[in-house]
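Below you'll find the structure, written out as structure tokens, and then a few comments.
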Amino acid sequence: MFLSVCLFCIFNVVMSENKLASVDFEIFGNVQGVCFRMYTEDEGRSLGLSGWVKNTRQGTVIGQIQGPQDKVDTMKNWLKNIGSPSSRIDRAVFSNQRDISKLEIRGFSTRY
């Protein structure tokens, strides 16, 4: 009995680590003209995430990230608190967060 309970717990931990998530973001502040998109793309790739990033006409940066939930959470923290060295992040808005069964985007890119 104990062994089956332990195996069940281990299985649940492994499955939750493999859960994929998708989330949209918009970053407000001084985030254009400071290489924010390039750093975002680099950070996303280094975490093994898929997604895209783009400047808006309103002076914000938008995008989407997809990958394992823990890596998505790490990227959300980076977008909210770190960004590019010359940026100033006033606010980060995350929306449409959802579980996905497989990645819908391949790689990480900058859109224009």
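By convention here, the first residue in the shown sequence is residue 1.
A continuous path of ILVMFWY side-chain contacts below 4.5 Å connects Ile89 to Leu47, so both sit in one hydrophobic cluster. If you chain together hydrophobic residues whose side chains sit under 4.5 Å apart, Met38 and Val53 fall into the same group. Phe28 and Phe36 are not part of a single hydrophobic cluster, where members link through side-chain heavy atoms under 4.5 Å apart.
The two residues Met75 and Gly44 make their nearest non-hydrogen contact at CE-N, 3.7 Å. Shortest non-hydrogen contact noted between Phe108 and Thr40 is CE2-O, 4.0 Å. Taking every heavy atom of both residues into account, Gly29 and Asp90 meet most closely at CA-OD2, 3.4 Å. Nearest heavy-atom pair across Ile82 and Ser87 is O-OG, 3.9 Å.
Using a 4.5 Å cut-off on side-chain heavy atoms (C-beta onward), Tyr39 and Pro85 make contact. Side-chain contact between Ser22 and Gln64: present, with at least one pair of heavy atoms (C-beta onward) separated by less than 4.5 Å. Within the 4.5 Å cutoff, no side-chain heavy atoms of Thr110 are placed close to those of Trp52. Counting heavy atoms from C-beta on, the side chains of Leu49 and Val72 come closer than 4.5 Å. Looking at Gln32 and Thr56, their side chains come closer than 4.5 Å, going by heavy atoms from C-beta outward. You'll find the side chain of Lys76 reaches within 4.5 Å of the side chain of Ile65, heavy atoms only. Arg37 has its side chain out of reach of Lys54: every pair of non-hydrogen atoms, C-beta onward, lies at least 4.5 Å apart. Using a 4.5 Å cut-off on side-chain heavy atoms (C-beta onward), Arg98 and Ile100 make contact.
The OG atom of Ser84 sits 11.0 Å away from atom CG of Asp42, with the distance rounded to the nearest 0.5 Å. Expressed to the nearest 0.5 Å, how far CD of Glu26 lies from CD1 of Ile62 amounts to 6.5 Å. To the nearest 0.5 angstrom, Asn77 atom CG is 9.0 Å from Asp73 atom CG. To the nearest 0.5 Å, the span separating NZ on Lys80 from CZ on Arg91 amounts to 11.5 Å.
Qualifying side chain to side chain contact (heavy atoms under 4.5 Å, CB included) partners for Asn30, counting only residues two or more places apart in sequence or in other chains: Val34, Arg88. Under the rule for a salt bridge (charged side-chain N to carboxylate O under 4.0 Å, His left out), the partners of Arg45 that lie at least two apart in sequence or sit in another chain are Glu41.
Judged by distance alone, the side chain of Gln66 and the main-chain N or O of Leu20 form no donor-acceptor pair under 3.5 Å.
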